[in-house]
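Quick notes on the structure that follows.
Counting from 1, the numbers follow the sequence of the chain as shown. In this text, all values refer to a predicted model and were calculated from it rather than measured experimentally.
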Amino acid sequence: MKLTVGTIPEVDYGDYSDLMTMPHLYDSIASDFTSSGIPLPDAIDCQVNGNSNQFWSLTMTYPRSGLHQKEIQPNKWIMEDCDPKHVHQWFKIIHITPELDNVVVEAEHISALLANSTVADDIQLNGATAQDLGNQILNQMQEQREFTFYSDVNKVSKVNIQGGQQASNLFIDPDQEGDTVTQSVLGLFGGEFDFDNWNIRHSKRIGRDSGIKVTYGKNIKTTFSQDKKTSEHVYWCGICR
């Protein structure tokens with residue numbers, strides 16, 4: 001096996017200048033998201049989780065005695081960073097679980113609103129690209145949303161989608177085992193999705209390959225620096241050489 005030896009590019013810490021120091025609460029999606037909203041400095045913990053080709057989710061622990069506990073309600077919105085690339089992301093509160101001293105707040109990324117829109121009519125296309133299909137989904141779905149879609153995947157395929165499906169499924173349903181290809185952007189064209197608020201990006205691969213192979217316990221030196229900390233909300237920047 002060939003081992004590529006090199007140096008991972010240095011972190012540009014200027015990229016971290018826009019990171020939020022705490023989550024912020026907003027009344028609705030119609031709010032002015034350029035304003036500061038209601039800061040939540042007393043949040044005990046706020047974590048954003050994401051998996052490949054799935055929507056981000058947020059879990060926040062907030063004290064029942066907190067300054068804004070009564071204002072944190074389902075269908076309100078939290079702005080928080082996912083990572084240094086995905087800053088100021090919007091999350092809709094869907095569930096609040098009371099605990100002894102705290103409440104646990106669960107919220108979905110704004111991209112999950114695609115699950116609330118349905119494509120009623122069939123979509124039939126010959127020699128279509130992922131961009132063609134994504135455009136059709138966004139144009140036909142009801143209720144209409146402000147999403148934009150961009151794909152740089154050049155593969156072409158025949159599309160035969162039955163109407164009455166959720167827009168979210170038509171984007172991210174993976175291909176299944178068997179002879180029948182799943183009729184979705186992901187099933188027909190493969191690739192990976194990147195969700196950035198209203199912007200949906202589809203690419204053969206999100207991110208880049210440094211060409212460096214990392215093996216357990218060998219050829220690696222790691223240093224970590226703490227970039228910011230608010231309560232238990234911590235961002236770490238790792239540099240590997």
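- To the nearest 0.5 Å, atom CD of residue E108 and atom CG of residue L113 are 8.5 Å apart.
- In terms of heavy-atom proximity, S57 sits nearest to F91 at C-CE2, 4.0 Å.
- Enclosure of atom NZ in K155 by more than 12 non-hydrogen atoms of other residues, nucleotides or ligands within 6.0 angstrom is indicated.
- Minimum interatomic distance between F55 and A112 (heavy atoms only, all atoms of both residues): CD1-CA, 3.7 Å.
- Judged by distance alone, the side chain of T182 and the main-chain N or O of G187 form no donor-acceptor pair under 3.5 Å.
- For the pair R145/W198, a side-chain contact is recorded, criterion being any heavy-atom separation below 4.5 Å from C-beta on.
- For the residue pair Q47 / N49, no side-chain donor-acceptor distance below 3.5 Å is found, with atom types taken as modelled.
- Taking the six-membered ring where tryptophan is involved, the planes of F193 and H202 are tilted, since the angle between them lies from 30° to 60°.
- Residue F149 holds its CZ atom at 12.0 Å from CG of N199, rounded to the nearest 0.5 Å.
- Here the CE-CD distance, from M22 to E80, works out to 10.0 Å after rounding to the nearest 0.5 Å.
- Of the residues listed (V119, D121, D122), the one engaging Q162 in a side-chain contact (heavy atoms from CB on, under 4.5 Å) is D122, and it is the only one.
- Each of V156 and L133 belongs to its own hydrophobic cluster when Ile, Leu, Val, Met, Phe, Trp and Tyr are linked at side-chain heavy-atom distances under 4.5 angstrom.
- Separating the OG atom in S117 from the CD atom in Q165 is a distance of 14.0 Å, to the nearest 0.5 Å.
- At distances below 3.5 Å, not a single donor-acceptor pair connects side-chain atoms of N139 with backbone N or O atoms of Q136.
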Next on the checklist: Using side chain to side chain contact (heavy atoms under 4.5 Å, CB included), reason through F147 and I137 one step at a time and then give a plain yes or no.
Outcome noted: CA-CA 11 Å; F147 290 107; I137 295 169; over 6 Å; no

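- Rounding to the nearest 0.5 Å places OG of S168 at 11.5 Å from CD of Q54.
- Taking both residues in full, the closest heavy atoms of A128 and F189 are given as O-CE2, 3.4 Å, listed atom of the first, atom of the second, then distance.
- Checked by atom type, the side-chain pair N197/H88 shows no donor-acceptor distance below 3.5 Å.
- Defined by atom type and a distance below 3.5 Å, a donor-acceptor pair is missing between the side-chain atoms of E99 and N102.
- Side-chain atoms of V159 and Q183, non-hydrogen and from C-beta on, do get closer than 4.5 Å to each other.
- From N75, atom CG reaches atom CD1 of I29 across 11.0 Å, with rounding to the nearest 0.5 Å.
- Proximity of V48 to Q89: side-chain heavy atoms (C-beta onward) are nowhere separated by under 4.5 Å.
- In the model, Q131 has a side-chain atom that pairs as donor or acceptor with a side-chain atom of N135 under 3.5 Å.
- No side-chain heavy atom of I172 sits under 4.5 Å from any side-chain heavy atom of L114.
- Checking side-chain atoms of T118 against main-chain N and O of Q142 turns up no donor-acceptor pair under 3.5 Å.
- K76 contributes a side-chain N or O that, together with a main-chain N or O of E71, makes up a donor-acceptor pair within less than 3.5 Å.
- Residues I110 and Y150 do not share a hydrophobic cluster, clusters being chains of Ile/Leu/Val/Met/Phe/Trp/Tyr side chains in contact below 4.5 Å.
- Between K85 and R201, the shortest heavy-atom distance links the atoms NZ-NH1, 4.1 Å.
- Scanning both residues, I72 and I96, for their nearest heavy atoms gives O-CD1, 3.2 Å.
- Taking the side chain as every heavy atom from C-beta outward, L58 and M60 approach each other to under 4.5 Å.
- Between L186 and F171, every side-chain heavy-atom pair lies at or beyond the 4.5 Å cut-off.
- A 4.5 Å side-chain heavy-atom check between L25 and I93 finds at least one atom pair inside the cut-off.
- For D152 and S203, the side-chain atoms include at least one donor-acceptor pair closer than 3.5 Å.
- Shown here for H68 and Y62, the closest heavy-atom pair between the two residues is N-OH, 3.0 Å.
- Counting only distance, with no hydrogens or angles, the side chain of D42 and the backbone of P63 share no donor-acceptor pair below 3.5 Å.
- Hydrophobic clustering (side-chain heavy atoms under 4.5 Å, transitive across Ile, Leu, Val, Met, Phe, Trp, Tyr) keeps V105 apart from I94.
- The closest donor-acceptor contact from the side chain of E192 to the backbone of I206 lies under 3.5 Å.
- A side-chain N or O of N160 and one of Q124 form a donor-acceptor pair less than 3.5 Å apart.
- Using a 4.5 Å heavy-atom cutoff, the side chains of H24 and L40 are not in contact.
- When the side chains of ILVMFWY residues are joined at heavy-atom separations under 4.5 Å, either directly or via intervening members, L125 and I161 end up in a single hydrophobic cluster.
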